[in-house]
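As a basis for the values below, the full set of heavy atoms in this structure was taken, side chains included, without hydrogen atoms, waters or symmetry mates.
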Amino acid sequence: ECAARVREFSKAGADVIKITATGGVLSQQGRGLGQHFTDPELKAIVDTAHSLGLRVAAHAHSARGVEAAAHAGVDSAEHATFADAAAAKAMKASGTAMVPTLMALAGVKERLGKGVYTPTVEAKGREAVAQMGKALKAARAEGVTIAFGTDAGVFEHGRNAGEFALMVDWGGMSPRDALASATTIAAKLLDKQDEIGRIAPGYSADIIAVDGDPLRDVRTLEKVGFVMARGRIID
């Protein structure tokens, strides 16, 4: 049935298959953040998608859920909040990238204890926030590919670039590595490395300009003064 659903969405024109390999922090259910698919189901999804030329992104929080998704061969683990050394080793072995979405945790942290979330979500939120940066450090220690993503919507849109500073402050990344995660590495993860992610002849002219050197202070990327999208200047 999992394979059939992948084929159905492929036929409908999907570009990427996204699955919830584990429970969610903000979902209104108290069954926790563990694995949602069996190992054979995960393998069926990934194998079918890859046979059709589609990549698979897996929402995954728990350590064993991340590990199972990685063993199945997913292309990226979104969040990977509780990933430990074993999960990181599995990600490295299978080539699964981590998309840590630290801004999502920052957004949840800002709302804890304010009556925003139900008691069920509040408990999961506190559990997740307590892990801030730990999984990213574990993944980096194993040499896992880190790609940029923010889970925008969990926090206010427009704050997305705050992810860079969190990667540096919480995850121990260098500003250069954080910047690469959002450009060349992200493009490769999307299989678009020949179209986007670099300023080079023949590439889409998607360019920003900031005052200052983001390789010295990555927070300069939070104040963009110029935007060009596909060669068109955006006022």
Identify whether Phe148 and Val227 are in the same connected component of the hydrophobic contact network (ILVMFWY, side-chain heavy atoms under 4.5 Å).
-> yes

Is there a side-chain contact between Phe82 and Val66, using heavy atoms and a 4.5 Å cut-off?
-> no

Do side-chain atoms of Asp206 reach the backbone of Ala229 as a donor and acceptor pair under 3.5 angstrom?
-> no

Under 3.5 Å, side chain of Lys92 to main-chain N/O of Ala141, donor-acceptor pair present?
-> no

Could you give the distance from CG (Asp194) to NZ (Lys188), rounded to the nearest 0.5 Å?
-> 11.0 Å

Has the side chain of Arg219 got a donor or acceptor atom that lies under 3.5 Å from a matching backbone atom of Ala165?
-> no

Would you say the side-chain atoms of Asp75 pair up with the backbone N or O of Val56, donor to acceptor, closer than 3.5 Å?
-> yes

Verify whether one side chain among Thr81 and His61 offers a donor that lies under 3.5 Å from an acceptor in the other.
-> yes

Taking Glu41 for its side chain and Thr38 for its backbone only, find out whether a donor-acceptor pair lies under 3.5 Å.
-> yes

What's the spacing between Lys43 NZ and Thr48 OG1 if we round to 0.5 Å?
-> 9.5 Å

Return yes if some donor-acceptor pair links the side-chain N/O of Arg111 with the main-chain N/O of Gly107 below 3.5 Å, else return no.
-> yes

Looking at Lys11 and Glu8, does any basic side-chain N land under 4.0 Å from a carboxylate oxygen?
-> no

Say whether, by atom type as modelled, one donor and one acceptor occur between the side chain of Thr101 and the main chain of Gly149 under 3.5 angstrom.
-> no

Without swapping roles, check the side chain of Gln35 against the backbone of Ala21 for a donor-acceptor pair under 3.5 Å.
-> no

Determine the sole option in Leu136, Val99, Ile185 for which the side chain to side chain contact (heavy atoms under 4.5 Å, CB included) test with Ile146 is passed.
-> Leu136

Taking the side chain as every heavy atom from C-beta outward, state whether Thr220 and Asp213 have any atom pair closer than 4.5 Å.
-> no

Do Lys124 and Leu33 touch side chain to side chain, with heavy atoms closer than 4.5 Å?
-> yes

Considering only heavy atoms from C-beta outward, does the side chain of Met103 approach that of Arg159 to under 4.5 Å?
-> yes

Tell me, with the steps shown, if Glu142 and Met91 meet side-chain contact (heavy atoms from CB on, under 4.5 Å).
-> CA-CA 9 Å; Glu142 290 295 335; Met91 296 173 74; over 6 Å; no

Atom CG of Asp15 and atom CZ of Phe9: how far apart are they, to the nearest 0.5 Å?
-> 13.0 Å

Any side-chain heavy-atom pair of Arg198 and Thr184 under 4.5 Å = yes

Among side-chain atoms of Thr96 and Ser94, is any donor-acceptor pair under 3.5 angstrom?
-> yes

Does Ser10 use its side chain to pair, donor to acceptor, with the backbone of Arg7 at less than 3.5 Å?
-> no

Whether Lys192 side chain and Gly197 backbone form a donor-acceptor pair below 3.5 Å = no

Look up atom CZ in Phe37 and atom OG1 in Thr22, then write down how far apart they are to the nearest 0.5 Å.
-> 10.5 Å

Is there a salt bridge (Lys or Arg N to Asp or Glu O under 4.0 Å) between Arg126 and Glu122 once you walk through the steps?
-> CA-CA 6 Å; Arg126 291 187 180 279; Glu122 181 89 7; 3.0 Å; yes

If you measure from CD1 on Ile45 to CZ on Arg5, what distance do you get to the nearest 0.5 Å?
-> 10.5 Å

Would you mind reporting whether Met167 and Val218 have side-chain heavy atoms less than 4.5 Å apart?
-> no

Between CD1 of Ile234 and CD1 of Ile208, what distance do you get to the nearest 0.5 Å?
-> 13.0 Å

